[in-house]
Protein chains: 2
Amino acid sequence: MAQAEADRFERISAPPAYQLVAEAIEREIVSGRIPPDTPIGTEADLAKQFGVNRSTVREGIRCLEQSGLIRREPSRRLVASVPRHAKLATRVSRALILHQVSFRELYEAIDMLERNAIELAVTHRTGDDLDALSDNLARTRAALDDPERMADLDTEFHTLIARASGNRVLQLAREPVSLLIYPATQPIFEQVPEAADRLLAAHEKLFDALSGRNMDAARLWMRRHVADFGKGFRRTGRSLEDPVDRVPLDSVFQTRGEL
Amino acid sequence: MAQAEADRFERISAPPAYQLVAEAIEREIVSGRIPPDTPIGTEADLAKQFGVNRSTVREGIRCLEQSGLIRREPSRRLVASVPRHAKLATRVSRALILHQVSFRELYEAIDMLERNAIELAVTHRTGDDLDALSDNLARTRAALDDPERMADLDTEFHTLIARASGNRVLQLAREPVSLLIYPATQPIFEQVPEAADRLLAAHEKLFDALSGRNMDAARLWMRRHVADFGKGFRRTGRSLEDPVDRVPLDSVFQTRGEL
DNA sequence: CACGTCGGTTTGTCCGACAACCCGATCTTA
DNA sequence: TAAGATCGGGTTGTCGGACAAACCGACGTG
């Protein structure tokens with residue numbers, strides 16, 4: 001037990017070659033020396049440059065592909081890439097699930113994110129944002145009896161508001177939360193009769209507030225809207241202390257997606 | 001350009017085998033059928049089970065390793081794992097860098113996150129949280145003349161507050177922002193003489209507010225503190241509209257080495 | 001110009017191999 | 001007997017080579 005002189009030396013380690021390959025390419029891309037959409041060489045090419053076997057290069061590339069720094073064109077050529085939001089969101093969501101985050105934590109986060117999103121949107125929203133929201137409202141009015149579509153449209157509405165905020169950090173932070181809360185919304189529309197109408201009313205008020213750049217109204221209605229969600233959630237018989245659902249998220253391997 | 005009948009068919013695709021392998025294992029882990037720290041078989045084992053070559057299994061495993069669902073023990077055996085926050089934060093930070101997010105976006109996010117963190121912390125903080133914060137304050141008082149240590153201690157202080165909030169979603173959302181803002185803080189202490197003192201004063205007030213569960217004081221001082229940061233930032237001569245620095249983030253592999 | 005053919009490239013997958021390493025079991029030796 | 005040294009099997013990291021399928025680009029034909 002007399003572990004004399006512990007911790008004097010660092011754990012000695014020789015990173016495997018595929019990691020070194022990945023890190024080397026990673027550095028070039030993150031630093032900007034390889035701008036997005038620049039073609040990287042072929043696998044054989046890279047193998048020659050790094051002086052390692054093609055299998056080794058492939059393992060390194062798989063890592064970068066996975067983290068979104070490299071993408072395969074339809075032609076399968078490798079090009080540098082900017083990680084897509086959707087992929088990151090999926091990952092963060094999965095982590096939160098595995099950490100068994102509670103609905104309370106999620107609800108608090110939503111409360112924070114949506115209130116800030118609407119505030120920023122009041123000042124930054126453009127005409128295009130209003131058009132998109134207006135379109136969403138129209139479809140919502142036609143879907144009041146369809147819980148599944150209502151859940152979708154609600155998610156879309158709030159995503160559009162986040163976009164209107166003009167803040168991409170906020171958008172990115174919101175996405176995983178949105179993914180996790182989604183499956184809890186549909187049951188609300190199924191079990192709480194007035195939920196759909198109240199939601200539509202709130203969305204319309206929020207739209208008007210954004211349209212008229214009325215900060216007070218925006219704050220007020222977002223607050224009510226979020227609170228409404230909380231009440232609806234409880235009326236489905238669930239506790240805020242439950243861990244979030246193990247949603248069947250899209251696998252990280254989907255490559256299509258915007259932004 | 002008479003693109004008649006576009007989009008009628010889905011893009012046909014056959015996912016490569018290594019992806020199928022990865023997705024299969026991913027599903028088992030995310031669904032909870034393979035709990036954390038459960039050993040996965042050996043590579044040869046998996047190759048046999050899936051009926052593919054070991055190389056193929058290796059590529060699939062690399063992907064999962066990369067996304068944190070699988071970890072290699074010191075013994076190098078594979079075990080299921082819960083993605084660690086630090087790794088995710090690094091990734092999100094990189095994405096934000098590559099998207100050339102502006103300091104304004106970052107600042108707005110910080111404002112939102114810190115204000116909510118302190119509010120939640122007022123009600124949820126424990127004695128341990130106070131102890132950790134108090135320890136941080138002591139070290140801060142001894143580091144007023146050392147810009148680098150001040151930057152570190154400031155980051156630590158706010159991380160501790162986030163922890164005291166008891167909300168892991170908030171913590172996780174905060175981390176990437178914290179990583180990105182960090183390199184901008186040190187220059188403030190170097191160029192703004194009163195920055196260190198003001199920061200310490202604010203931290204002490206925040207500590208007192210938490211200690212006495214005084215919500216109003218907590219809100220007030222966090223607001224001032226964040227505003228102070230904004231002012232300090234501008235006094236370093238930078239514009240809020242600049243894109244964030246291309247920080248040399250730790251690689252997602254926490255190893256160092258040349259190639 | 002539209003269309004079909006054809007050869008070179010590149011990827012995805014497989015096979016077999018081997019050194020380095022880890023672990024547990026066995027053997028030495030004080 | 002117990003600490004320490006040794007050994008062998010199991011695994012990973014890496015290598016070399018191989019091949020079918022898909023893709024690309026050029027060419028030839030109508």
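Just so we're clear, the structure is a prediction, and the values are computed from it rather than from any experiment.
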Using atom [atom1] of [X] as one end and atom [atom2] of [N] as the other, report the distance to the nearest whole Å.
X       : N      : atom1 : atom2 : value
B/Glu59 : D/dT14 : CD    : C1'   : 14 Å
A/Arg71 : C/dT11 : CZ    : P     : 15 Å
A/Leu78 : C/dT9  : CG    : P     : 18 Å
A/Glu73 : C/dT11 : CD    : P     : 13 Å
A/Arg58 : D/dG16 : CZ    : P     : 16 Å

Going by atom type alone, with no hydrogens or angles, which donor-acceptor pairs under 3.5 Å involve a side-chain atom of residues 127-135 of chain A and a protein atom two or more places apart or on another chain?
from: A/Asp129; atom 1: OD2; to: A/Thr126; atom 2: N; distance (Å): 2.9
from: A/Asp129; atom 1: OD2; to: A/Thr126; atom 2: OG1; distance (Å): 3.2
from: A/Asp135; atom 1: OD2; to: A/Arg139; atom 2: NE; distance (Å): 3.2
from: A/Asp135; atom 1: OD2; to: A/Arg139; atom 2: NH2; distance (Å): 3.0

Kindly list each side-chain donor-acceptor pair under 3.5 angstrom involving residues 28-40 of chain B, sequence neighbours excluded, with atom names and distances?
from: B/Glu28; atom 1: OE1; to: B/Arg33; atom 2: NE; distance (Å): 3.1
from: B/Glu28; atom 1: OE2; to: B/Arg33; atom 2: NE; distance (Å): 3.2
from: B/Glu28; atom 1: OE2; to: B/Arg33; atom 2: NH2; distance (Å): 3.1
from: B/Ser31; atom 1: OG; to: B/Arg27; atom 2: O; distance (Å): 2.9
from: B/Ser31; atom 1: OG; to: B/Glu28; atom 2: O; distance (Å): 3.1
from: B/Ser31; atom 1: OG; to: B/Arg33; atom 2: N; distance (Å): 3.3
from: B/Asp37; atom 1: OD1; to: B/Arg71; atom 2: NH2; distance (Å): 2.5
from: B/Thr38; atom 1: OG1; to: B/Pro35; atom 2: O; distance (Å): 2.5

Point to revise | Summary of protein contacts for nucleotides 16-21 of chain C, nucleotide by nucleotide, where a base hit scores B, a sugar-phosphate-only hit scores S (4.0 Å, heavy atoms) | key: -B----

Exercise for review: Verify the contact: side-chain N or O of B/Arg77 to OP1 or OP2 of C/dC23, cut-off strictly under 4.0 Å; return yes or no.
Suggested key: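 The answer is no; no side-chain N or O of B/Arg77 sits under 4.0 Å from OP1 or OP2.
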
Check your understanding: Is the phosphate of C/dG12, meaning OP1 or OP2, less than 4.0 Å from a side-chain N or O of A/Arg62?
Key ->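 Yes, within the criterion.
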
Check your understanding: Among A/Thr155, A/Asp152, A/Asp154, which one satisfies side-chain hydrogen bond (donor to acceptor under 3.5 Å, both in side chains) with A/Tyr182?
Key ->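 When A/Thr155, A/Asp152, A/Asp154 are each tested with A/Tyr182, the side-chain hydrogen bond (donor to acceptor under 3.5 Å, both in side chains) holds only for A/Asp152.
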
Practice item. Under the side chain to side chain donor-acceptor pair (under 3.5 Å) rule, collect the residues that match up with A/Ser178, sequence neighbours excluded. Key: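 In terms of side chain to side chain donor-acceptor pair (under 3.5 Å), with neighbours along the sequence ignored, A/Ser178 is linked to no residue.
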
Check your understanding: Please, which pairs that meet salt bridge (Lys or Arg N to Asp or Glu O under 4.0 Å) have at least one residue in residues 98-108 of chain B, sequence neighbours excluded?
Key ->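 Only A/Arg168-B/Glu105, B/Arg104-B/Glu108, B/Arg104-B/Glu241 qualify under salt bridge (Lys or Arg N to Asp or Glu O under 4.0 Å).
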
Review point. Tell me, which pairs form a salt bridge (Lys or Arg N to Asp or Glu O under 4.0 Å) where one or both residues lie in residues 41-57 of chain A, sequence neighbours left out?
Key: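 Pairs touching residues 41-57 of chain A that pass the test: A/Glu43-A/Arg54, A/Glu43-A/Arg58, A/Glu43-A/Arg72.
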
Exercise for review: Could you pull out all residues at least two apart from B/Phe103 that satisfy ring pair (Phe, Tyr, Trp, His ring centres under 6.0 Å)?
Suggested key: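 Result, ring pair (Phe, Tyr, Trp, His ring centres under 6.0 Å) vs B/Phe103: B/Phe233.
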
Review point. Of all residues at least two apart in sequence or in a different chain, which pass the ring pair (Phe, Tyr, Trp, His ring centres under 6.0 Å) check with B/Phe189?
Key: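 Ring pair (Phe, Tyr, Trp, His ring centres under 6.0 Å) check on B/Phe189 returns nothing, list empty.
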
Exercise for review: May I ask you to list the residues of residues 40-50 of chain B, by number, that have any heavy atom positioned under 4.0 Å from an atom of DNA chain C?
Suggested key: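 The stretch gives none, as no residue of it lies under 4.0 Å from the strand.
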
Point to revise | Proximal nucleotide (of D/dC24, C/dG12, D/dT14) relative to the A/Thr56 side chain | key: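 Within the option list, the nearest is D/dT14.
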
